[in-house]
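In this chain, numbering begins with 1 at the start of the sequence shown. Numbering of ligands and ligand atoms starts at 1, following listing order. These numbers come from a predicted model, not from an experiment.
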Amino acid sequence: MRFDNKVVIVTGAASGIGRASAQMFAEAGAKVVACDLSEAVHASVAAMGGEAVALRMDAGDEADVERAVALACERFGGVDIFHANAGITGGASGIFETSAEVWAEVLRVNLIGPALAIKHAAPKIAERGGGAILCTASVAGLRSGAGGAAYSASKAGVISLVQTAAQQLSTSNVRVNAICPGLIETGMTQRAFDHARETGKQGRLGRLNPLRRAGEPEEVARVALFLASDGASYVNGQAWVVDGGLSSSHPVTRQEYGKPAF
Ligand code: NAD
């Protein structure tokens with residue numbers, strides 16, 4: 001997959017899935033606007049090679065999203081692809097423990113952020129004849145049990161958002177899809193991975209998964225590149241799950257190849 005002369009904006013590009021996505025797009029020839037709230041986005045861009053520029057911004061703030069799109073247009077001449085990936089967990093709390101302030105902040109970053117990316121990037125992408133928008137959702141948006149109440153609802157909202165956007169962008173040649181990662185080792189999940197390793201329980205991570213392991217950021221980023229590519233020219237308005245098979249089953253006793261099922 002090559003993205004020569006394509007202009008890509010990635011949010012949450014200082015760490016984890018966003019950093020891997022920005023890096024892979026740059027390696028594949030794209031001009032990248034790497035965005036993040038964190039100062040570390042500058043180091044990500046320095047390590048990236050290719051043609052990339054870093055922007056510190058808040059992905060849930062409308063003026064900042066407009067700034068990112070304007071930077072892509074000024075520096076690189078337009079926008080072809082937007083990976084709206086920045087996200088926060090808001091903690092692992094349930095409905096009864098989550099304050100209204102946490103609800104508002106999680107929805108602002110995780111759901112309104114991607115909506116603003118679509119609102120401001122899609123017209124620019126359409127101007128260049130079409131392209132793709134990818135929004136990082138989560139398996140937490142498919143059903144309960146993979147995150148806090150606000151996080152899960154925000155990610156379910158992202159899946160709904162891409163469906164609506166695909167319809168509203170009919171005839172624009174802009175495709176909009178969501179990616180639903182399972183458990184991936186990134187900044188967001190690092191404490192859990194560190195704790196498991198420190199206590200010798202690393203075998204438990206991903207044990208409910210048929211692949212019996214957690215995923216790497218690059219395994220999600222590769223799907224982002226595919227969905228942004230012409231290879232996915234007929235994929236639109238969908239939630240693509242990248243979870244090693246985790247969400248393919250109800251929580252029954254796990255099976256093993258070559259052993260009786262139950
Ligand atoms: P990460 O913490 O490694 O990276 C997230 C990045 O987003 C960080 O660099 C952070 O500074 C940035 N960010 C946070 N709020 C921001 C804001 N308001 N504006 C701009 N940048 C902001 O975590 P990650 O796992 O790579 O997360 C990327 C996406 O993947 C998130 O949307 C997350 O919900 C989703 N996801 C992660 C997992 C997982 O297991 N790691 C699973 C499913 C979905």
Discussion item. Within the supplied structure, the quantity of interest is the number of heavy atoms (other residues, nucleotides, ligands) at a distance under 6.0 Å from R2 CZ; does it exceed 12?
Written reply: yes
Discussion item. Would you compute the distance between atom OG of S15 and atom CE of M188 and round it to the nearest 0.5 angstrom?
Written reply: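 If I round to the nearest 0.5 Å, the distance is 9.0 Å.
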Practice prompt. Write down, by chain and number, every protein residue that brings a non-hydrogen atom to less than 4.0 Å from an atom of ligand 1.
Written response: G12, A14, S15, G16, I17, D36, L37, S38, M57, D58, A59, N85, A86, G87, I88, V109, T136, A137, S138, Y151, K155, P181, G182, L183, I184, T186, G187, M188, T189
Practice prompt. Establish, from distance only, whether the side-chain atoms of S152 and S144 form a donor-acceptor pair under 3.5 Å.
Written response: no
Worksheet entry | I9/C35 under side-chain contact (heavy atoms from CB on, under 4.5 Å): CA gap, chis, key distance, verdict | CA-CA 7 Å; I9 301 173; C35 304; 3.9 Å; yes
Worksheet item: Can you pull the salt bridge (charged side-chain N to carboxylate O under 4.0 Å, His left out) pairs that have at least one residue in residues 98-111, sequence neighbours excluded?
Response: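 Every pair satisfying salt bridge (charged side-chain N to carboxylate O under 4.0 Å, His left out) with a residue in residues 98-111: D58-R108, E105-R108.
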Item to complete: Mind telling me whether F226 and W240 have parallel, tilted or perpendicular rings, with 30° and 60° as the class edges?
Response: tilted
